[in-house]
Amino acid sequence: VNKPDHELIAECLGGQTQAFGELVVRYQDRLCNGMAGVLGSAEEGRDVAQDAFVQAFEKLASFRGQSTFYSWLFRIALNASVTRQRRRKRVPVSIEAVRELAGREPADEHPRARPDHGLELSERQQSVRSALSELSDEFRTVLVLKEIEGLKYEEIAEIVDCPIGTVRSRIHRARLELREKLNHLWP
Amino acid sequence: MNQNINQELLSAYLDGEATSAERAQVESWLANSPGAREVLDDLRQVSGMLRELPRETAPPDFQRRVLQIAERKRLPGLNPCRGRSSPRVPAAAGGWERSRWRRRRRWCW
């Protein structure tokens, strides 16, 4: 039986590091995937996710349970990614990085939502990754949280620390901008 | 009247985040405006393209590496410079316990 997050957190604070290990296993794929979307690189996504888990371990006593553990963790990861980007001026995503991200099996397909065009799936995915990487950090982050993480507006607002109305507006504008960038995929 | 509807409502409608009053407003707009239907369809397709992106996963040794680094930080004897905010040094710790920890940190500087 899977223990709820708060029990694992209490056990970890009591000195059982393995309890934190269970939290890592529970969220590692999700966080690596989310951060890969935010950073436009699978490798950087994994590095930032690792940093975030270690920081979460160190700061665990400060987690108040006002949000979900994952929201809290994602926020740590976002801050870590900002620090990382400041250190290394962000560069546009290389085609290799895009291919690296595009070369895996999709886990969530919505066939009815696909436009009917002649491009192969992987080519379209490369285009989408590339267009996503060109959005501003603010737009890309909310879109990843909505479409890739599947979070509600309220949770997104908590993570990015802004009002729900701002989240709603950013998501809409980000989609419109992405639509423009992907114009070549429309019939 | 419908011209004045905020387009952002279309995304909120698509995401199931519109209130019931907003939903009714959008549905009436969609019924009367081919342009609005086209925008909604575009938004839906963009959303679908993002959701079909391949999912990244953590490498097999991810958990082991995280715990290894975390443990190293938790055991200040191994690396005192890196143990400053470990759960073993709780914010609530006071008096001798805290000052001893502070002294230990000074060794690093």
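Small disclaimer: the values here were computed from a predicted structure and weren't measured.
Top candidate by heavy-atom pairs under 4.5 Å with chain A, chosen from B/D42, B/V66, B/L10, B/L67, is B/D42. Your options are A/V54, A/V144, A/L31, A/D51, and the one with the most heavy-atom pairs under 4.5 Å with chain B is A/V54. Looking only at heavy-atom pairs under 4.5 Å with chain B, the residue among A/Y153, A/F53, A/F20 that has the most is A/Y153. Residue with the most contacts toward chain B among A/V24, A/T17, A/I164: A/T17 (heavy-atom pairs, distance under 4.5 Å).
Cation-pi check for A/R179 over A/W186 is met; the charged atom lies under 6.0 angstrom from the ring centroid and within 45 degrees of its normal. The cationic atom of A/R30 (NZ for Lys, CZ for Arg) lies less than 6.0 Å from the six-membered ring centre of A/Y70 and within 45° of the ring axis.
Looking at A/E22, the atoms closer than 4.5 Å to chain B (heavy atoms on both sides) all sit in the backbone: N, CA, C or O. Contact of A/I148 with chain B is made through backbone and side chain together, with heavy-atom distances under 4.5 Å. Contacts of A/A49 with chain B are made by both backbone and side-chain atoms, with heavy-atom separations under 4.5 Å.
Formation of a donor-acceptor pair under 3.5 Å by the A/Q125 side chain with backbone atoms of B/L53 is not found in this model. Under a 3.5 Å cut-off, the side chain of A/T141 and the backbone N or O of A/D137 do form a donor-acceptor pair.
Using cut-offs of 30° and 60° for the angle between ring planes, the A/Y27 and A/F69 rings count as tilted.
Looking at B/Q45 and B/D41, their side chains do bring a donor and an acceptor atom within 3.5 Å of each other.
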